[in-house]
Structure formats: C-alpha cells, structure tokens
Amino acid sequence: MNDFDKKAAEWDTNPVHWDRSAAIVDEIRRRIRITRGMTAMEYGAGTGIASFLLKDHLREIIMIDSSLEMVKMAKEKIKHTGVENLSAVKMDLLCDEYSGEKFDLIFTQMVLHHVDDIDAILGRFAGLLKPGGFVAIADLYEEDGSFHGEGFTGHKGFNPNYLEKILIRLGFRDTISKQCFTLNRKMPGEETRYYDIFLVTARKN
C-alpha cells in the first residue's frame, strides 16, 4: 500500500484539497472554453474532487489514478451521488495502454512532480488528445524540497517554462502559465511556509 492508498479515506475531509481544486477549476474555465459536448480525462484524479467540480460542464470525464484506494473512493462517490457522466479507472498511463476514444481536455493537479519521466507523460497526453484539444496542468513552482520533506524522490516543483517548452515540442500552441493558488503550511517549530501553484494550459495543433 502506497502513501496515497493510506490517505484516500480521509482525503476529502481536508478543506485545503477542496479550496485548491476549486481555484484550479475556476482558472481552467477562465482560460478554456469548455462546452457540454466535450470529453475529458483527469490524470492522477485521486478521489476526483476536481472532476466533480467540472462534471456539470462536460459530457464525460474519466478519472484515472494509479492508487487503488483513491479509485475506490472515487467510485463510492459516484455511486453515492448517482452521477452518470463520471467514471474512475485504476491505471498508470506510463505502463498501461488506454484504448478508449481520444479526449477534448486532459487536466491534472499536483501530480506531475510525482512522475519521473515528464517528457513521456506529456507525450502520452498529446497522443490521447484530439486535434485542437486542451491540456491543463497545475503543479508547484520550484521549491526547496520542504513541501514533501526528506525521502521524497520526485521533482521539487517546476519552472512552468520548462513544461511549456516540452508541450511546444510535442505540437501544442497557445501556452499560458500563471499562478492560481497558494498553499500555506505551518511547519513544526517553524514559521508558516507558502507554496505557490501554477496552471499551464496549451492547445494541441
């Protein structure tokens, strides 16, 4: 069982998770003209907070996550609420093949800094989008490693320009990056630390 499996049952009880997702979803809707005819994938969806916030604006959203417990929680929420245009699937896009229809939008929040091969995952996004489809990526600006602490082996945030350059190389255009949320954490024995989150959006040629 990984860390996210352990956190799944309590994930939705943290108001910061809801505030963060709401800010990111609001920014996505400001930048991308979303319509009810569009389909989307949320990559690393967790319990699906962002997808539930977007469900009334899209025809269908498939929530993908590699954590079995997160997917179980998302499925329970779908069953409990009776939502018909959301589905949750356990999958790792870097290892598993997705064989369904291509999407109009792929969005993700606070996930890429956990992914080792950024070029590969963005390449998978490009391959799963329709021509003219959008990608929206929210993640941490570069930080000093204190966000996750010792032992974390992922990325210590990103310079958004780094992600934009990869997206352009993969055939995206109209890239925009902008801060969309600030997390604050009270560290044991320390002052409160602030971590900014950006959103990069781009459109596939």
Side-chain angles (χ1 to χ4, degrees), residues 1-12 14 16-21 23-25 27-28 40-51 61-74 88-98 103 105-129 135-167 170 177 179-185 187 193-202:
M1 180 176 287
N2 63 36
D3 285 345
F4 286 104
D5 286 332
K6 296 174 184 177
K7 296 174 181 177
E10 304 297 326
W11 192 261
D12 284 9
N14 187 337
V16 173
H17 294 158
W18 287 90
D19 293 343
R20 181 179 67 194
S21 292
I24 291 168
V25 165
E27 189 64 26
I28 289 173
M41 171 195 285
E42 182 179 6
Y43 174 71
T47 62
I49 294 175
S51 287
I61 306 173
I62 296 176
M63 302 179 288
I64 287 179
D65 202 284
S66 60
S67 164
L68 177 60
E69 294 304 315
M70 287 287 191
V71 171
K72 285 182 179 178
M73 290 299 297
V89 179
K90 183 184 181 300
M91 178 180 290
D92 182 346
L93 282 184
L94 290 178
C95 303
D96 306 316
E97 289 293 328
Y98 180 80
F103 300 95
L105 168 67
I106 295 176
F107 62 99
T108 184
Q109 58 167 332
M110 299 294 284
V111 174
L112 254 61
H113 66 266
H114 292 279
V115 178
D116 290 335
D117 195 336
I118 300 301
D119 290 74
I121 194 60
L122 294 183
R124 293 301 303 273
F125 290 173
L128 291 171
L129 282 171
V135 66
I137 300 165
D139 218 304
L140 289 165
Y141 283 97
E142 290 176 316
E143 46 95 18
D144 61 4
S146 60
F147 185 83
H148 286 285
E150 293 184 9
F152 180 66
T153 59
H155 304 272
K156 298 176 182 178
F158 300 98
N159 182 329
N161 291 335
Y162 165 73
L163 299 181
E164 290 187 63
K165 288 178 180 178
I166 297 175
L167 289 169
L170 290 169
S177 62
Q179 180 181 335
C180 63
F181 191 70
T182 299
L183 283 167
N184 60 78
R185 285 186 173 180
M187 300 297 185
R193 292 198 179 190
Y194 298 90
Y195 301 92
D196 292 331
I197 297 173
F198 63 84
L199 179 71
V200 170
T201 53

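Predicted model, so just to flag it, every value in this text is computed and none were measured.
Across all non-hydrogen atoms, the minimal contact from Ala138 to Ile24 is CB-CD1, 3.6 Å. Pairing each heavy atom of Val71 with each of Val89, the nearest pair is CG2-O, 3.8 Å. For the residue pair Ile106 and Phe125, the shortest heavy atom distance occurs at CD1-O, 3.6 Å. Heavy atoms only, all atoms of each residue included: Asp96 and Arg124 are closest at O-NH2, 3.5 Å. Nearest heavy-atom pair across Glu42 and Ala50 is OE2-CB, 3.6 Å. Across all non-hydrogen atoms, the minimal contact from Val115 to His155 is O-NE2, 2.7 Å.
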For a side chain to side chain contact (heavy atoms under 4.5 Å, CB included) check, start with the C-alpha distance between Arg193 and Phe147, then their side-chain angles and the critical distance, and finish with the verdict. CA-CA 9 Å; Arg193 292 198 179 190; Phe147 185 83; over 6 Å; no

With side chain to side chain contact (heavy atoms under 4.5 Å, CB included) as the criterion, how do Ile197 and Glu27 come out once you've worked through the C-alpha distance, each side chain's angles and the decisive distance to 0.1 Å?
CA-CA 12 Å; Ile197 297 173; Glu27 189 64 26; over 6 Å; no

Please step through side chain to side chain contact (heavy atoms under 4.5 Å, CB included) for the pair Leu183 and Met110, ending with a clear verdict. CA-CA 12 Å; Leu183 283 167; Met110 299 294 284; 4.2 Å; yes

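The structure places OH of Tyr195 at 6.0 Å from CG of Asp144, a figure rounded to the nearest 0.5 Å. Atom CG of residue Asp139 and atom CD of residue Gln109 lie 9.5 Å apart, to the nearest 0.5 angstrom. For the atom pair CG (Leu112) and CD1 (Ile121), the distance works out to 7.0 Å, reported to the nearest 0.5 Å. Taking SG of Cys180 as the start and CG of Leu199 as the end, the distance is 5.0 Å to the nearest 0.5 Å. A distance of 14.0 Å separates CZ of Phe107 from OG1 of Thr201, quoted to the nearest 0.5 Å. Between atom CG of residue Leu170 and atom CG of residue Leu129 there is a gap of 11.0 Å, rounded to the nearest 0.5 Å.
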Counting only pairs under 3.5 Å, give me each side-chain donor-acceptor contact of residues 159-166, with atom names and distances, residues two or more places apart or in other chains.
| unit_1 | atom_1 | unit_2 | atom_2 | d |
| --- | --- | --- | --- | --- |
| Asn159 | OD1 | Asn161 | N | 2.9 |
| Glu164 | OE1 | Thr175 | OG1 | 2.8 |
| Glu164 | OE2 | Ser177 | OG | 2.9 |

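In this structure, the side chains of Leu94 and Asp116 stay at 4.5 Å or more apart for every pair of heavy atoms.
A donor-acceptor pair is defined here as one N or O able to donate and one able to accept, closer than 3.5 Å; no such pair exists between the side chain of Thr47 and the backbone of Met73. No donor-acceptor pair closer than 3.5 Å links the side chain of His113 to the backbone N or O of Phe158. Listed for the Asp65 side chain is no donor-acceptor partner under 3.5 Å among the backbone atoms of Met70.
Listed by chain and number, the residues in a side chain to side chain donor-acceptor pair (under 3.5 Å) with His114 amount to none (sequence neighbours excluded).
Proximity of the aromatic rings of Tyr98 and Phe103 is defined here by a centroid distance below 6.0 angstrom, and this criterion is met.
Ring orientation note: the planes of Phe152 and His148 are close to parallel, at an angle under 30° on the 30°/60° scale.
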